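First comes the structure, then the notes that go with it.
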Amino acid sequence: MTKLSVNINKIATLRNSRGGNVPDLLKVAKDIQRFGAEGITVHPRPDERHIRYQDARDLVSVVHTEYNIEGNPQHNFIDLVLECKPTQVTLVPDAIGALTSNAGWDTVKHQAYLKEVIVEFKKHGIRTSIFVDPVLAMIEGAKETGTDRIELYTEEFAHQYGLGNKKGIEPYTAAAVLANELDLGVNAGHDLSLDNIKFFKEHVPNLMEVSIGHALISESLYLGLENVVNMYLQRLK
């Protein structure tokens, strides 16, 4: 079964817009797990515009499912992850100031750097995942870094699916098949939603985990957070 990890960045964005502690990020994380989600994801950025580094620390005692911290492995981020020791760290090549993640790693060009970072995380028992586009050369490059998993960057799939082009799934299927052959675990995330998640899961073999934030929180404004979490779980069965 594919695990659902809920990215709670948008909860932090809402909290930060007014100051104070409403909504309470830690309570939301507890509730999301109580509703059935199998993981919590956060993606702190250098400007801490949503998730703050202290939030990542505070969540250590709250997350009893899988804890996934995403980000660009700069020095402060590496130190944070080694301090928190989450279940998984997902390496994302965000440019400083980027509105959201918009590309996967070039695992050939940055292979030596990624290898060095991954060795450090794995020494501390932290599972590693690399954010990649569904390009076979990038999957092969990821294998050479020593990572445990890849996370397929799914924005283009979501865009094509929204246009009615179901063939947009084909690069993701091929990427997952190759990853499976290379003994890499397959995660996925970015713009996955209630509309497209079932189709995606059905066409990506051995999908281990999806990380969903923006769509899930947006859908919850209409349908309720507990209901939406369970709707995702049903589609992922």
Side-chain angles (χ1 to χ4, degrees), residues 3 5-9 12 29 38-98 100-135 137-153 175 178-180 182-190 208-211 213:
K3 290 185 176 180
S5 186
V6 177
N7 185 316
I8 57 174
N9 279 22
E38 295 103 342
I40 297 292
T41 292
V42 294
H43 189 149
R45 287 182 165 87
D47 60 7
E48 298 186 286
R49 65 180 180 270
H50 34 62
I51 290 293
R52 300 167 182 152
Y53 274 40
Q54 189 56 47
D55 292 329
R57 297 183 183 101
D58 293 341
L59 283 161
V60 170
S61 62
V62 168
V63 180
H64 58 80
T65 54
E66 291 205 349
Y67 187 20
N68 176 43
I69 301 181
E70 299 181 340
N72 193 323
Q74 299 168 345
H75 290 300
N76 288 349
F77 178 83
I78 291 172
D79 291 344
L80 176 72
V81 172
L82 294 180
E83 177 185 349
C84 294
K85 291 186 171 60
T87 318
Q88 175 176 270
V89 58
T90 301
L91 309 181
V92 183
D94 285 336
I96 293 176
T100 186
S101 305
N102 55 20
W105 284 98
D106 183 331
T107 58
V108 176
K109 180 179 179 180
H110 300 289
Q111 191 170 112
Y113 174 61
L114 290 167
K115 263 186 187 176
E116 181 181 343
V117 172
I118 287 166
V119 165
E120 184 66 18
F121 288 138
K122 292 178 81 170
K123 276 197 306 189
H124 290 82
I126 302 167
R127 188 174 74 223
T128 58
S129 181
I130 300 178
F131 198 59
V132 293
D133 296 307
V135 176
M138 296 301 106
I139 310 302
E140 291 169 345
K143 176 63 178 179
E144 295 302 314
T145 68
T147 191
D148 300 298
R149 296 188 185 184
I150 56 168
E151 178 174 326
L152 294 173
Y153 172 42
L178 177 59
N180 290 331
L182 295 174
D183 198 28
L184 288 172
V186 178
N187 297 341
H190 206 93
M208 302 184 81
E209 174 189 295
V210 291
S211 175

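Heavy atoms only: backbone and side chains are in, while hydrogens, waters and symmetry mates are out. These numbers come from a predicted model, not from an experiment.
Using a 4.5 Å cut-off on side-chain heavy atoms (C-beta onward), V62 and Y67 make no contact. Put simply, the side chain of E209 reaches to within 4.5 Å of the side chain of R149, judged on heavy atoms. Looking at V117 and L91, their side chains come closer than 4.5 Å, going by heavy atoms from C-beta outward. Residues L178 and E140 are in side-chain contact: their nearest non-hydrogen atoms beyond the backbone lie under 4.5 Å apart. Looking at I126 and H124, their side chains come closer than 4.5 Å, going by heavy atoms from C-beta outward. Side chains of N187 and L152 form no contact here, defined as non-hydrogen atoms less than 4.5 Å apart.
In this structure, the side chain of K115 does not engage the main chain of T145 through any donor-acceptor pair within 3.5 Å. Judged purely by atom type and a 3.5 angstrom limit, T147 uses its side chain to pair as donor or acceptor with the backbone of T128.
Considering every non-hydrogen atom in both V81 and P86, the closest pair reads O-CD, 3.4 Å. Considering every non-hydrogen atom in both V92 and P73, the closest pair reads O-CD, 4.3 Å. A56 approaches C84 most closely through the heavy-atom pair O-SG, 3.6 Å. Nearest approach of T65 to E38, heavy atoms of both residues: CB-O, 3.2 Å. Counting all heavy atoms, side chain and backbone alike, M138 lies closest to T107 at O-OG1, 2.7 Å. Nearest heavy atoms, I150 versus S129: C-OG, 3.4 Å.
Ion pairing between a basic and an acidic side chain is recognised when a charged N comes within 4.0 Å of a carboxylate O; K122 and D148 show such pairing. A salt bridge is defined here as a Lys NZ or Arg NE, NH1 or NH2 lying under 4.0 Å from an Asp or Glu carboxylate O, and D47 with R45 fails to meet this definition. The pair K123-E120 meets the salt-bridge criterion, since a charged nitrogen lies less than 4.0 angstrom from a carboxylate oxygen.
Considering NE2 of H43 and CZ of F131, their distance stands at 8.5 Å, rounded to 0.5 Å. The CD1 atom of I69 sits 12.0 Å away from atom CD1 of I40, with the distance rounded to the nearest 0.5 Å. One finds the CD1 atom of I130 at 11.5 Å from the NZ atom of K143 (value rounded to the nearest 0.5 Å).
Relative ring orientation between Y153 and H190 is described as perpendicular, the plane-to-plane angle rising above 60° on a 0-90° scale split at 30° and 60°. The aromatic rings of W105 and Y113 lie tilted to each other, with the angle between the two planes from 30° to 60°.
More than 12 heavy atoms of other residues, nucleotides or ligands shown are found within 6.0 angstrom of CD on Q54. Within a 6.0 Å radius of NZ in K3, no more than 12 heavy atoms belonging to other residues, nucleotides or ligands are found. More than 12 heavy atoms of other residues, nucleotides or ligands shown are found within 6.0 angstrom of NE2 on H64.
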Original post:
Stepwise, does the salt bridge (Lys or Arg N to Asp or Glu O under 4.0 Å) test hold for R127 with E66?
Top reply: CA-CA 11 Å; R127 188 174 74 223; E66 291 205 349; 2.8 Å; yes

**OP:** Given side chain to side chain contact (heavy atoms under 4.5 Å, CB included), test N76 with Q74 step by step and report yes or no.
**Re:** CA-CA 6 Å; N76 288 349; Q74 299 168 345; 5.9 Å; no

Subject >> Derivation of the side chain to side chain contact (heavy atoms under 4.5 Å, CB included) call for E70 and V42 >> reply: CA-CA 6 Å; E70 299 181 340; V42 294; over 6 Å; no

**OP:** Run the numbers on N180 and V186 for side chain to side chain contact (heavy atoms under 4.5 Å, CB included), then give the verdict.
**Re:** CA-CA 8 Å; N180 290 331; V186 178; 4.1 Å; yes

Original post:
Under the side chain to side chain contact (heavy atoms under 4.5 Å, CB included) criterion, do L184 and I139 qualify, and how do the steps go?
Top reply: CA-CA 9 Å; L184 288 172; I139 310 302; 4.2 Å; yes

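In this structure, a donor-acceptor pair under 3.5 Å is present between the side chains of N68 and T90.
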